[in-house]
Amino acid sequence: MSARPAALRALPSVDALLREVRAEARLASYPRALVTEGVRAVLDEARTLLDNGGTAPAPAVLVERTAAWLAREETSSLRPVVNASGVVLHTNLGRASLSAAAVAALTAAAAQPCNLELDLESGGRGERDRHVEALLCALTGARAAAVVNNNAAAVLLALNTLADGRQVVISRGELVEIGGAFRIPDVLAKSGAVLREVGTTNRTHLRDYERAIGEHTAVLLKVHPSNYRITGFTAAVELDQLAGLGARHRLVVMEDLGSGALIDLAAYGLPHEPVVAERVRLGADVVTFSADKLLGGPQAGIVVGRAALVARMRDNPLRRALRCDKLTLAALEATLRLYRTSADLAADLPTLHWLTRPLAELEALGAQAAALLQRALGPAFDVRVVDSEAEIGSGAQPTETLASKAVAITHATVSADAIAARFRTSEPPIVGRISQDQFLLDLRCIGDPAELVPRR
Ligand SMILES: *Cc1c(COP(=O)(O)O)cnc(C)c1O
């Protein structure tokens, strides 16, 4: 205790350090208040160190630490990363990457005013969804469409509009949880609807739905199981059967499709995912899906369906709280236009491009990346191209993987976790995955092999 004041005197005062920092030409442009804050933070840290028996850093070191503190203030927390995880639509990495067309539309909308809610013909007030509604109708065969912040919001808005205070019948096999926060029973409860679960976990029949229908029933709901599959002795009611039952009882049949594809991925050699147009054709009155999953657009939730039902959703005050901004709508419109006009969608839409790359292309990329990495890391690291299994991600086809290639990096004494950390702290961060004690850099979403070489 008695040594403390003397040791603390070894540190410069705030004013003294401030003068030294301000004398550095390279730091002169920072606002004075910010520099003062940095100087205080650096001195606080040094004081804590002294309290714990450390020694006082030299003044030059304190100046450098202040410079580093200031540089951190200028660094975005949200940064681009290299996705070598092998998961094409990775929720933690922001799901779909936008097409060049969508980025251009978004940038233009961001930088200047736009006709978001202005009808340029009449000069009157317009409806923001109109910019994408016709496209969505053309692509899905639905009569109307609305767009909100994400699919969770679309489900919430649809159920609140259609079933507040009334019953929603759903199979026990479809009461899904999609990543911690989104659980169908919880969203249903928040919408004001009353859950009426029918059937069993593995088998639900049409008669189960039929028996549950009563005077309080409003909606028959189907939910895409997304991130799990029930296999073995199973039975589920097909959408067309449920639609028939709904029609007989004048009930709304709604489907939460989750990912939802606008085109048949099987045509590209990928596993079949339900196509929105197909679900509309089979008789769903309302279909909800995400815009940033297989669709390949910005984060948004889309509701398509019967015009009268969508109109009620638009009039719901909740819609105001859940609506999208102009940036999202601009990016979504450009993405949807590609589906209509692109001569080569797999070239123009990054999600589809990553999903459909031939294995030979990944193999060639892997050989180049391995050579670059071996040179950068040195001979102590074992670097080789291996077979890998990539995933679509975001709940599409959880049990099916896409054949892929990866660069595997191992070291006799450095753990896979430590190697992963080194790549993650590169600039930009490189996100791989660990499998069987190997650090893997999957090539499916990598354009240029040089992206995989860690820097700094
Ligand atoms: C992903 C998913 C959601 C949530 O969608 P967000 O766009 O992330 O809000 C809801 N339902 C299903 C079936 C899903 O797969």
Side-chain angles (χ1 to χ4, degrees), residues 87-98 132 136 145-160 162-163 168 170-191 193 195 197 204 219-230 236 239 242 253-262 265 271-276 278-279 284 286-305 313 318-319 321-325 327-329 331-332 335-336 351 391-400:
V87 180
V88 178
L89 295 165
H90 200 308
T91 297
N92 298 359
L93 302 183
R95 293 192 186 157
S97 295
L98 295 179
V132 292
L136 284 166
V147 185
V148 285
N149 195 37
N150 52 26
N151 187 31
V155 173
L156 180 70
L157 178 65
L159 291 176
N160 177 262
L162 305 172
V168 173
I170 178 172
S171 162
R172 289 199 164 88
E174 296 175 7
L175 291 172
V176 305
E177 169 176 317
I178 291 125
F182 183 89
R183 306 173 110 188
I184 286 288
D186 296 350
V187 174
L188 212 136
K190 282 287 175 200
S191 76
L195 175 66
E197 42 187 296
T204 302
V219 171
L220 304 179
L221 177 63
K222 239 183 128 50
V223 178
H224 186 277
S226 299
N227 46 13
Y228 75 100
R229 287 290 176 270
I230 296 175
L239 180 61
L242 205 60
V253 174
M254 166 172 159
E255 182 163 48
D256 172 14
L257 214 44
S259 211
L262 289 181
L265 295 179
H272 176 82
E273 262 292 310
V275 179
V276 180
E278 182 184 285
R279 312 309 280 176
V286 172
V287 180
T288 67
F289 54 102
S290 299
D292 57 349
K293 290 184 177 175
L294 280 172
L295 195 154
Q299 181 192 301
I302 298 171
V303 187
V304 299
M313 292 179 211
L318 250 191
R319 154 103 196 303
L322 303 175
R323 73 183 188 186
C324 295
D325 70 333
L327 305 184
T328 301
L329 287 166
L332 181 60
T335 307
L336 295 172
T351 300
E391 290 168 42
I392 297 177
S394 284
Q397 298 296 337
T399 52
E400 299 212 38

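What you see is a predicted model; the values in this text were computed from it and never measured. One-based numbering, in listed order, for ligands and for the atoms of each.
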4.5 Å side-chain heavy-atom contact, [X] and [Y]:
{"X": "L257", "Y": "K222", "result": "no"}
{"X": "P298", "Y": "D292", "result": "no"}
{"X": "V147", "Y": "L332", "result": "yes"}
{"X": "M254", "Y": "V168", "result": "no"}

Specify side chain, backbone, both or neither for [X], according to which of its non-hydrogen atoms lie closer than 4.0 Å to ligand 1.
{"X": "K293", "value": "side chain"}
{"X": "K222", "value": "neither"}
{"X": "A152", "value": "both"}
{"X": "I178", "value": "side chain"}

Sub-4.0 Å atoms of ligand 1 with respect to non-hydrogen atoms of F182: 10 (C), 11 (N)
Atom indices of ligand 1 within 4.0 angstrom of D256 heavy atoms, with elements: 10 (C), 11 (N), 12 (C), 13 (C)
Which heavy atom of the protein is the closest neighbour of [atom], given with residue, atom name and distance?
{"atom": "atom 13 (C) of ligand 1", "answer": "S226 OG, 3.2 Å"}
{"atom": "atom 10 (C) of ligand 1", "answer": "N151 ND2, 3.2 Å"}
{"atom": "atom 7 (O) of ligand 1", "answer": "S290 OG, 2.7 Å"}

Best match, E177, R95, H224: closest heavy atom to atom 8 (O) of ligand 1: R95
Nearest heavy-atom neighbours spanning A153 and L322: O-CD1, 3.7 Å
CD1-OG distance between I302 and S290, expressed to the nearest 0.5 angstrom: 8.5 Å
Partner of L188 under side-chain contact (heavy atoms from CB on, under 4.5 Å), chosen from V223, L221, L156, N160: L221
